[in-house]
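Atom set for the values below is all heavy atoms of this structure, side chains included, hydrogens, waters and symmetry mates excluded.
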Amino acid sequence: MFAAATSDPGLARELSAARAQLASQERQIQELNHRIANSLQLAADMLVFEQLRSRDAVASAALEASRARLVAVGELHRYLYEHAGRASVELSPFLSGLCQAIAATTGLSCTIQADPTSVPGDMAQQLAIAINEFAINAAKHAYDGKPGGRLVVTSRRDGRELVVTVADQGKGLSGGMGRQGGLGMSIVAAIVRDLKGTLTVQGDSGTAFTIRAPIPGAAPVVDRSFQAWVE
């Protein structure tokens with residue numbers, strides 16, 4: 001039946017046109033990420049100029065915080081540009097590269113613990129944006145902008161779901177800092193909704209954000225242990 005369908009000249013042309021349109025859209029997304037990265041770098045450079053002109057300590061600190069955020073987000077888009085167009089992404093090397101970009105832009109000491117799980121490319125990009133926001137949050141609030149703070153990103157598969165945790169060893173949430181508010185966490189909340197997942201936060205000793213989301217098209221994990229056979 002499939003051979004008969006593809007032998008139809010009209011259907012074959014439609015399929016070819018759809019593939020070409022999809023490839024064009026992927027190239028446009030890649031170019032968009034590249035342009036966003038360049039634009040953010042330009043904006044960050046302008047903030048440096050304004051910071052040098054400012055004689056107000058509070059204003060200077062605000063400009064520096066804004067500059068650091070633009071640089072971090074710009075590097076993220078540059079990293080996504082390099083990985084755009086992939087149908088499936090293996091998370092362990094993808095997150096390792098992301099961790100290096102985070103360390104370079106935030107000054108955090110970032111480490112990865114990930115099992116060999118692959119997810120769709122668009123899911124990997126959304127998770128990267130969320131992880132980047134958690135890192136910016138930690139650098140600013142957990143460690144007060146001081147370099148060297150530890151950030152641990154763990155990723156594991158649990159059945160048909162992916163569980164990603166980003167944890168720091170900073171102040172935690174007990175000090176009433178309100179770290180769950182603001183633009184960054186609004187972005188994360190939107191990503192979690194789009195992934196049809198959940199977000200949980202623990203903040204007693206340091207802060208740990210955990211995203212749990214279904215992996216699209218994931219096959220069930222078969223338990224081949226002896227206990228599974230006898231139950």
Intermediate values then yes/no, side chain to side chain contact (heavy atoms under 4.5 Å, CB included), F134 and V164
CA-CA 12 Å; F134 292 141; V164 176; over 6 Å; no

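Hydrophobic clustering, with ILVMFWY side chains joined whenever heavy atoms are under 4.5 angstrom apart, keeps V201 apart from V152. In the hydrophobic cluster analysis, where Ile, Leu, Val, Met, Phe, Trp and Tyr join through side-chain heavy atoms closer than 4.5 angstrom, I187 is grouped together with L151.
At least one side-chain heavy atom of L199 sits under 4.5 Å from a side-chain heavy atom of M185. Between R160 and I215 there is no side-chain heavy-atom pair separated by less than 4.5 Å. Side-chain contact between H141 and D168 is absent, with no heavy atoms from C-beta onward closer than 4.5 Å. In this structure, the side chains of F209 and V192 stay at 4.5 Å or more apart for every pair of heavy atoms. No side-chain heavy atom of L162 sits under 4.5 Å from any side-chain heavy atom of L195.
Nearest heavy-atom pair across P216 and M123 is CD-SD, 3.7 Å. Residues I191 and Q126 share a closest heavy-atom pair of CD1-O, 3.5 Å. Closest non-hydrogen pair, Y143 versus R150, comes out as OH-O, 2.6 Å. In terms of heavy atoms, T106 sits closest to I102 at OG1-O, 2.6 Å. Of all non-hydrogen atoms in L108 and A135, the two that sit nearest each other are CD1-O, 3.5 Å. S155 and L95 make their closest contact through CB-CD1, 3.8 Å (heavy atoms, listed as atom of the first residue, atom of the second, distance).
With sequence neighbours excluded, the residues forming a side chain to side chain contact (heavy atoms under 4.5 Å, CB included) with A124 are V89, L91, F94, V119, listed by chain and number. The side-chain hydrogen bond (donor to acceptor under 3.5 Å, both in side chains) search around S205 returns none, not counting sequence neighbours.
Screening E161, R193, R212 for a side chain to side chain contact (heavy atoms under 4.5 Å, CB included) involving T198 leaves a single residue, R212. Evaluated for a side chain to side chain contact (heavy atoms under 4.5 Å, CB included) with T154, the options T210, T111, T165, D115 yield exactly one hit, T165. Across I112, L127, L98, a single residue satisfies side chain to side chain contact (heavy atoms under 4.5 Å, CB included) together with V153, and that is I112.
Counting only distance, with no hydrogens or angles, the side chain of T207 and the backbone of G203 share no donor-acceptor pair below 3.5 Å. Between the R157 side chain and the G159 main chain, a donor and an acceptor come within less than 3.5 Å of each other.
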